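Bear in mind the structure is a predicted one, so any value in this text is a computation, not a measurement. All heavy atoms count here, side chains included; hydrogens, waters and symmetry mates do not.
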Amino acid sequence: MEQKELTRGSGILLAISSLPSSYGIGTLGNAAFRFVDLLVDLKQKYWQVLPIGPTSFGDSPYQAMSVFAGNPYLIDLDNLIDEGLLSQNEISSYKWGNDRTGIDYAVLFENRYKILRQAFSRFRREQEAFLKFQMEQKDWLEDYALFMAIKHEHRDESWEKWEEDLRKREPGALESSRERLKEDICFWKFCQYEFYNQWKALKEYANSRGVQIIGDVSFYVGLDSADVWANQELFLLEPDGTPSCVAAAVPDKFSSHGQVWGNPLYNWKRMEEDGFLWWKSRVVNRTKMFDVIRIDHFLGIVKDYTVPYGAWNASNGKWLKGPGRKLTNALNEVIGDCCFIADDYGGKTPVPGVKKLLDKAGWPGMKVLMFAFDGDTANEHLPHNYIDHHTVVYAGTHDNETIVGYFHEKTEYELAYLYEYLNISSKEDIPDALIRAAYASTADIAIIQMQDVLKLGNEARMNAPSTVGFNWRWRLGTEQLSEERRAWIRNLAAVYRR
């Protein structure tokens with residue numbers, strides 16, 4: 001099967017949360033529009049963002065409380081002032097954190113919903129646009145808003161710890177909660193209404209300026225999510241709601257014990273019975289949010305690596321067969337004018353069947369230059385080994401160290417092949433040489449992290465897998481690209497037809 005061809009171009013990877021703002025986290029407001037302007041100035045065609053769902057414990061966008069909902073933290077507060085729902089004094093009366101280059105999630109958790117509830121208290125909920133939004137998004141919004149209201153009532157406790165009648169979604173218990181919590185349910189719908197409206201305005205602006213948005217879609221969903229609670233039969237769960245086993249990643253050179261992600265696994269047999277309707281609904285929703293959809297962890301479609309629930313490392317996991325072509329065919333039926341990109345990296349030892357399925361699905365895979373220079377001239381991530389242009393090349397991803405950080409501790413002996421390949425002679429030359437190599441490659445799209453455009457070290461790293469406490473926090477501070485730097489990037493885009 002074939003999908004629409006990707007337009008040759010380049011882009012920058014930057015999470016919405018990483019944009020500058022005065023309120024503790026990047027938002028969908030003015031700074032997002034100005035970043036689009038920057039991309040246009042740099043002759044870029046793509047902006048890749050991380051998942052945009054509401055985050056839970058650990059703050060990971062890959063463990064969202066809904067795969068359909070938007071993160072209320074990203075709602076721009078200045079826009080709510082423009083709507084007459086808030087005043088500047090009200091917003092300024094809260095603390096949003098002291099570090100303009102980082103995110104204090106504890107402060108956000110404490111204060112963000114308070115200010116949003118103030119805005120909600122002035123919101124005219126009977127307006128036609130809000131009623132229409134509720135009808136259009138009803139399939140997921142009703143369950144999500146009810147889930148969040150019950151969760152708030154239970155002091156944010158995970159749903160597996162709720163009373164049995166709520167955990168098992170007994171009709172009487174749900175109806176009682178809907179009546180008791182109707183005000184709070186409406187608040188959570190309001191948050192989604194504001195998020196979706198602000199996202200729509202940003203996407204329309206980006207598209208009008210020739211910029212396409214690549215949206216990252218996590219393969220798995222968080223256990224403590226409206227998706228799992230409302231669709232328990234679609235996941236491998238025990239009667240009490242705990243997972244039978246959880247998703248993990250095999251040990252590799254980046255993690256000697258592997259990674260335990262903790263996500264519940266899909267009940268593929270049950271999903272196949274209705275033609276993967278839940279997955280189709282998810283993709284249709286994202287086609288309205290993004291121009292290109294990047295499916296994270298594509299190899300999970302071929303097979304899942306799993307460990308028992310509660311395991312602390314992934315050394316003794318096992319593989320379970322995935323749906324394969326049945327799922328990719330189903331998703332190709334609903335992709336429309338959007339395009340897929342597959343995160344097909346499977347570690348040092350490729351998983352059999354991944355490349356074959358990728359070809360049959362017609363989706364481009366990924367290459368990562370940071371994985372290329374191990375001394376093996378046949379390494380698939382080296383540009384001279386790209387089979388065709390139907391691929392997306394990254395210098396590094398959100399899960400890697402920055403370019404500067406990764407190569408900082410390497411010895412000259414370890415870097416000898418890289419120096420020869422890139423025709424450079426020092427570590428200082430590596431970031432720009434890797435960017436040039438990505439642009440010069442035959443890959444349809446070349447994506448560079450903003451941190452690497454700025455040549456920052458590991459203090460700007462976005463995520464270190466298998467760790468908690470310091471991830472997902474980096475934000476653009478006062479760093480500005482000099483005109484000389486801008487001109488260099490523009491020139492690369494022109495020289496390599498990006």
Side-chain angles (χ1 to χ4, degrees), residues 14-33 35 49-83 85-86 90-120 123 141 144-145 147-149 151-152 156 184 187-203 213 215-216 218 221-222 224-226 289 398 462-463 468-477:
L14 181 74
I16 300 293
S17 60
S18 294
L19 290 163
S21 85
S22 300
Y23 309 125
I25 192 171
T27 71
L28 300 172
N30 184 62
F33 287 75
F35 188 71
V49 299
L50 297 185
I52 54 178
T55 54
S56 183
F57 175 77
D59 314 309
S60 171
Y62 292 89
Q63 295 278 1
M65 289 184 282
S66 169
V67 299
F68 295 91
N71 190 343
Y73 288 168
L74 306 183
I75 295 171
D76 187 67
L77 301 183
D78 288 333
N79 282 0
L80 299 185
I81 294 176
D82 295 339
E83 291 180 44
L85 301 178
L86 290 174
E90 286 172 327
I91 298 172
S92 300
S93 68
Y94 290 95
K95 292 182 179 178
W96 302 112
N98 299 317
D99 185 1
R100 288 292 185 99
T101 62
I103 300 169
D104 189 332
Y105 283 102
V107 169
L108 285 178
F109 181 76
E110 180 70 25
N111 293 329
R112 201 60 161 217
Y113 293 114
K114 291 178 182 177
I115 197 70
L116 289 174
R117 286 181 187 277
Q118 282 183 259
F120 174 62
F123 179 70
L141 185 61
Y144 168 73
F147 172 83
M148 293 302 295
K151 188 174 179 62
H152 180 68
D156 295 296
D184 209 34
F187 165 72
W188 292 107
K189 292 179 179 179
F190 156 78
C191 288
Q192 291 310 304
Y193 173 74
E194 293 293 341
F195 179 93
Y196 267 64
N197 281 346
Q198 291 188 10
W199 183 270
K200 183 173 183 281
L202 176 61
K203 183 178 183 296
I213 296 180
D216 208 329
S218 59
V221 300
D224 187 24
S225 68
M289 312 290 274
H398 63 276
M462 197 61 176
N463 180 46
V468 294
F470 300 98
N471 298 320
W472 318 111
R473 298 189 174 211
W474 179 78
R475 276 201 300 158
L476 269 171

Would you find a donor on one side and an acceptor on the other, under 3.5 Å apart, between the side chain of Thr27 and the backbone of Ile75? no
Indicate the ring-plane relationship of Phe187 and Phe120, choosing parallel, tilted or perpendicular according to the 30° and 60° boundaries. perpendicular
Stepwise side-chain contact (heavy atoms from CB on, under 4.5 Å) check, Ser17 with Ile25: CA-CA 5 Å; Ser17 60; Ile25 192 171; 3.8 Å; yes
Yes or no on side-chain contact (heavy atoms from CB on, under 4.5 Å) for Asn30 and Asp78, after CA distance, side-chain angles and deciding distance? CA-CA 9 Å; Asn30 184 62; Asp78 288 333; over 6 Å; no
Step through the shown structure and confirm whether more than 12 heavy atoms of other residues, nucleotides or ligands are within 6.0 Å of CZ on Arg117. yes
Minimum heavy-atom separation for Ser225 and Ala64, please, with both atom names. CB-O, 3.6 Å
Matching residue for Lys151 among Asp156, Asp184, Asp224 - test: salt bridge (charged side-chain N to carboxylate O under 4.0 Å, His left out): Asp224
Donor-acceptor pair, Trp199 side chain versus Met289 backbone, under 3.5 Å? yes
Derivation of the side-chain contact (heavy atoms from CB on, under 4.5 Å) call for Leu116 and Leu77: CA-CA 8 Å; Leu116 289 174; Leu77 301 183; 4.3 Å; yes
Around atom CZ of Phe470, are there more than 12 heavy atoms from other residues, nucleotides or ligands closer than 6.0 Å? no
Evaluation steps, ring-ring contact (aromatic ring centres under 6.0 Å, His included), between His152 and Phe147: CA-CA 9 Å; His152 180 68; Phe147 172 83; over 10 Å; no
List the steps, then state whether side-chain contact (heavy atoms from CB on, under 4.5 Å) holds for Leu50 with Leu14. CA-CA 7 Å; Leu50 297 185; Leu14 181 74; over 6 Å; no
Evaluate the ring planes of Tyr144 and Trp188, with Trp represented by its six-membered ring, and classify them as parallel (under 30°), tilted (30 to 60°) or perpendicular (over 60°). perpendicular
Looking only at atom types and distance, does a side-chain atom of Asn111 sit under 3.5 Å from a main-chain N or O of Lys95, one as donor and one as acceptor? yes
Step-by-step side-chain hydrogen bond (donor to acceptor under 3.5 Å, both in side chains) determination, Tyr193 to Gln198: CA-CA 9 Å; Tyr193 173 74; Gln198 291 188 10; over 6 Å; no
Do the rings of Trp96 and Tyr94 sit parallel, tilted or perpendicular, given the 30° and 60° boundaries? tilted
Phe195, Tyr113, Tyr23 screened by ring-ring contact (aromatic ring centres under 6.0 Å, His included) with Tyr73, the one that passes: Tyr113
More than 12 non-hydrogen atoms from neighbouring residues, nucleotides or ligands closer than 6.0 Å to CG on Asn98, yes or no? no
